[in-house]
Amino acid sequence: MKSTALDKVRNFGIAAHIDAGKTTTSERILYYTGRQHKLGDIDEGNTTLDWMEEERERGITITSAATTCFWKGNQLNLIDTPGHVDFTAEVERSLRVLDGAVAVFCGVGGVEAQSETVWRQMEKYGVPRLCFINKLDRTGANPKQVLSEIRTKLGAHAAMIYLPIGLEGEHKGIVDVITGKGYVFHDDELGVKFDEIPTPPEMADEVKKVRDELIEKVGEHDDAIMEKFVAGQEVSADEIKSAIRRVTLAGKFSPVLCGSAFKNKGVQMLLDAICDYLPSPLDKPPARGIDPDTRQPIERKPLDSEPTAALAFKIVSDPHGDLTYIRIYSGKLESGMTLLNPRRGKKERITHLYRMHANQREKVETLSSGEICAAVGLKDVVTGDTLCDLKSPILLEPPTFAQTVISMAVEPKLSADRDKLSEVLGKLAKEDPTFQRHTDKETGELIISGMGELHLEVKQHIMEREYGLAINVGTPRVAYKETVIGSAEVEGKFIRQTGGRGQYGHVVLSVKPLTEACPEPILFENKIKQGSIPREYIPAVEKGVRDAAESGVIAGYPVINVHVSLLDGSYHEVDSSELAFSIAGSMAFQDAVKKATPILLEPIMKLEVVSPEEFLGDVLGDLNARRSSIQDMSARGAAKVVLAHVPLSEMFGYTTRVRSLTQGRAVPNMEPLKYAQVPAEKQRQIVEANSKKQQRR
């Protein structure tokens with residue numbers, strides 16, 4: 001495949017609330033760009049990007065899928081992401097490496113719970129974005145209301161650049177408010193053919209009004225446009241488009257398009273907008289990282305002549321060698337190339353390089369800066385690792401992921417499969433940073449943790465289907481955490497004399513609440529200045545602290561959000577060892593946490609319930625009984641929308657309950673929000689229950 005000039009490359013993703021039509025939009029993009037010759041349909045289970053059997057059965061996206069297609073001389077590297085909150089890590093890591101994004105909104109549902117989540121993720125990584133209001137053929141479609149919600153709920157500076165010709169059953173096309181051209185699509189031609197028409201006379205006033213509003217919104221961030229608009233001068237279509245591109249790339253504006261992907265209307269214009277307004281790698285600032293030795297900031301420009309710097313953002317297990325998805329920020333990648341993984345200080349060799357089309361591979365020998373690809377042959381790389389030139393090391397910022405909120409025990413039905421189960425869990429955890437596993441030190445049980453019941457259910461099915469494991473799973477339980485709200489300074493000593501060489505480790509630690517953002521649950525800081533502990537023992541102290549943090553002091557839950565400082569200590573020239581300092585660090589940490597007012601934390605969920613108004617009282621009454629905090633109530637058409645914050649521990653079985661209360665007509669949507677302190681009485685109950693459990697063992 002001939003390489004494309006970098007200014008013609010668009011690395012973008014499509015993200016949305018579940019059922020907004022995101023994958024259908026992606027499938028239409030593949031069809032109209034000629035990447036595939038048959039329209040994929042979620043209902044028929046024949047989509048290209050939702051290729052997993054689990055995805056096709058459920059009709060939802062579970063894993064992000066990458067593909068490359070071409071439109072009017074531009075290379076589009078597209079990643080389709082999941083809409084369900086349990087798989088939000090796929091969105092997180094995709095947005096970390098993408099240059100732009102398309103946020104899809106349902107023309108009926110508008111800005112829904114997960115719409116807000118993905119929008120905040122886009123803002124977090126500074127990703128310029130377009131908005132596509134979809135499903136305008138549906139009963140109740142209201143693009144004006146959706147635009148209003150985009151502005152108010154998301155705080156977006158946005159304006160329409162297309163308007164629909166007709167809505168619901170009368171939706172037949174769209175009008176470009178910049179040029180005044182209308183497009184009416186042929187239903188019998190799957191939207192490939194369309195007629196170009198002037199603005200329908202009945203829409204002329206609306207188009208002019210929206211065009212003026214667009215110019216004014218863009219002009220708020222572009223002086224040249226505003227000056228002409230205020231002076232009453234005509235602003236040309238080319239001037240408007242150039243200004244839209246400038247303010248969109250700056251992250252100050254989001255153009256809003258509309259149509260119906262399922263009914264094949266408006267997708268070609270979305271493709272044009274992607275090429276016109278989303279950035280190429282050259283439009284983005286240089287990739288920023290740090291020197292792994294000096295910790296000084298350094299940059300890499302998106303040029304082939306620069307030293308190679310790339311980020312591994314996704315791992316997929318494969319019998320023939322794990323696939324590592326990579327974004328190249330500078331330099332080139334070549335088959336057979338050896339790179340440095342500075343996090344581990346190890347060299348990695350790329351055996352093969354591929355361009356991906358969902359689960360299909362296209363082998364390539366070399367790829368340039370700005371590309372997204374997959375590599376085989378990397379042994380010890382995990383999500384977030386940097387791969388760079390051996391002589392010019394750099395550490396790029398990895399994506400960050402939310403804490404897991406739900407756990408359950410898992411065991412093989414056949415004892416002979418225990419080793420296989422452990423191996424499979426290791427592979428799944430390597431693929432998915434929000435899926436974790438550990439062994440309970442008290443019971444010996446294997447515990448898996450994730451983002452929700454569906455998340456763990458999908459992992460269970462993958463273990464059974466793809467790996468042939470027969471397993472038993474326990475009842476889902478809340479993943480509580482522990483932390484401190486005070487501070488303490490303690491010393492830990494581990495001294496043993498056994499007649500021969502003994503053990504000696506002595507440390508002084510302080511702990512306090514962690515206030516700054518940190519990707520790790522524990523921030524460990526070495527503050528020793530005078531060498532009271534030799535440097536080679538410092539990692540052992542840190543290991544002891546982190547090991548101790550895995551099981552807290554209140555009820556055995558992991559300790560998070562704690563800043564640990566190693567202040568002082570002493571050593572023995574003969575008896576000191578890494579083991580002694582690791583144990584001393586562990587003992588000191590546990591004592592310090594006990595003295596620093598430890599508390600229990602529980603996951604709080606953000607809940608949105610869309611319910612008919614006649615059932616609102618029952619819904620609110622049920623939520624009040626679940627320790628909920630009602631945040632907002634609003635109308636969405638004839639329905640009422642309740643937004644609440646609720647402890648996860650109160651929400652097991654909620655979907656069944658709320659459907660029972662509303663005759664199956666309410667639609668709940670829940671996502672992790674934060675960890676918050678457990679009320680004192682509830683904490684006492686949890687501690688007592690755990691204590692009784694320990695006694696029974």
Side-chain angles (χ1 to χ4, degrees), residues 14-26 28 42-43 58-61 80-88 91 101-122 129-156 158 160 162 164 167-169 171 254 256-263 265-267 270 454 605-613 615-616 619 631-644 655 658-659 662 664-671:
I14 296 186
H17 183 89
I18 191 169
D19 287 337
K22 169 184 46 57
T23 297
T24 300
T25 302
S26 300
R28 294 321 186 255
I42 290 174
D43 293 333
R58 295 177 182 271
I60 62 171
T61 303
D80 177 43
T81 65
H84 196 286
V85 63
D86 282 19
F87 310 104
T88 190
V91 185
V102 176
V104 179
F105 301 90
C106 173
V108 180
V111 176
E112 300 170 275
Q114 189 67 1
S115 309
E116 296 186 50
T117 300
V118 298
W119 190 270
R120 302 303 172 214
Q121 288 172 307
M122 293 173 190
R129 70 221 72 149
L130 308 177
C131 302
F132 182 64
I133 301 177
N134 191 26
K135 299 190 176 184
L136 295 189
D137 60 300
R138 296 274 296 274
T139 301
N142 188 342
K144 291 181 181 179
Q145 177 62 32
V146 179
L147 174 63
S148 175
E149 292 182 4
I150 290 171
R151 290 171 174 171
T152 56
K153 291 186 177 181
L154 304 179
M160 303 288 290
Y162 284 90
L167 290 172
E168 302 179 343
H171 180 52
S254 295
V256 182
L257 298 90
C258 60
S260 171
F262 183 68
K263 291 298 180 72
K265 295 176 175 65
V267 177
L270 175 61
L454 178 61
M605 310 303 285
K606 179 181 177 183
L607 173 70
E608 181 188 78
V609 185
V610 182
S611 170
E613 186 171 4
F615 301 110
L616 183 61
V619 170
Q631 301 295 306
D632 186 42
M633 285 189 288
S634 59
R636 183 177 295 166
K640 294 294 182 181
V641 181
V642 179
L643 181 64
T655 298
V658 77
R659 286 176 178 165
T662 62
R665 295 169 64 189
V667 180
N669 186 276
M670 187 169 61
E671 63 180 276

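- At least one donor-acceptor pair closer than 3.5 Å links the side chain of Thr81 to the backbone N or O of Ile14.
- Atom CD of Gln114 and atom NZ of Lys22 lie 10.0 Å apart (nearest 0.5 Å).
- Screening Val104, Leu270, Val267, Leu257 for a side-chain contact (heavy atoms from CB on, under 4.5 Å) involving Asn134 leaves a single residue, Val104.
- Formation of a donor-acceptor pair under 3.5 Å by the Lys135 side chain with backbone atoms of Asp19 is found in this model.
- Side chains of Ile18 and Asn669 form a contact here, defined as non-hydrogen atoms less than 4.5 Å apart.
- Contact between Val118 and Ser115 at its shortest, heavy atoms only, is CG2-O, 3.3 Å.
- For the atom pair Arg151 CZ and Leu147 CG, the distance stands at 4.0 Å (nearest 0.5 Å).
- Shown here for Phe132 and Thr25, the closest heavy-atom pair between the two residues is CE2-OG1, 4.1 Å.
- Taking Glu149 as the reference, Val111, Gln145, Lys153 meet the side chain to side chain contact (heavy atoms under 4.5 Å, CB included) condition, with sequence neighbours excluded.
- No donor-acceptor pair under 3.5 Å is formed between the side chain of Glu116 and the backbone N or O of Leu154.
- Evaluation of the salt bridge (charged side-chain N to carboxylate O under 4.0 Å, His left out) rule for Lys640 yields no partner, not counting sequence neighbours.
- Counting all heavy atoms, side chain and backbone alike, Trp119 lies closest to Ser254 at CH2-OG, 3.7 Å.
- With sequence neighbours left out, the side chain to side chain contact (heavy atoms under 4.5 Å, CB included) criterion links Val108 to Cys106, Arg138, Ala141.
- Take Ala666 and apply the side chain to side chain contact (heavy atoms under 4.5 Å, CB included) test, not counting sequence neighbours, and it matches Val609, Ser611, Val658, Thr662.
- A search for side chain to side chain contact (heavy atoms under 4.5 Å, CB included) contacts involving Val146 returns Phe105, Ile133, Ile150, not counting sequence neighbours.
- When the side chain to side chain donor-acceptor pair (under 3.5 Å) test is applied to Asp137, the partners found at least two apart in sequence or on another chain are Ser260.
- Under the 4.5 Å side-chain criterion, counting only non-hydrogen atoms from C-beta, Tyr162 is not in contact with Pro143.
- Side chain of Arg129 to backbone of Ala103: no donor-acceptor contact under 3.5 angstrom is found.
- The nearest pair of heavy atoms linking Leu607 to Met670 is CD1-CB, 4.1 Å.
- By the side chain to side chain donor-acceptor pair (under 3.5 Å) test, Lys265 is found to be paired with Asp187, residues two or more places apart in sequence or in another chain being considered.
- Arg659 pairs by the side chain to side chain donor-acceptor pair (under 3.5 Å) definition with nothing, not counting sequence neighbours.
- Note that NZ of Lys263 and CZ of Arg28 are 10.5 Å apart. Values are rounded to the nearest 0.5 Å.
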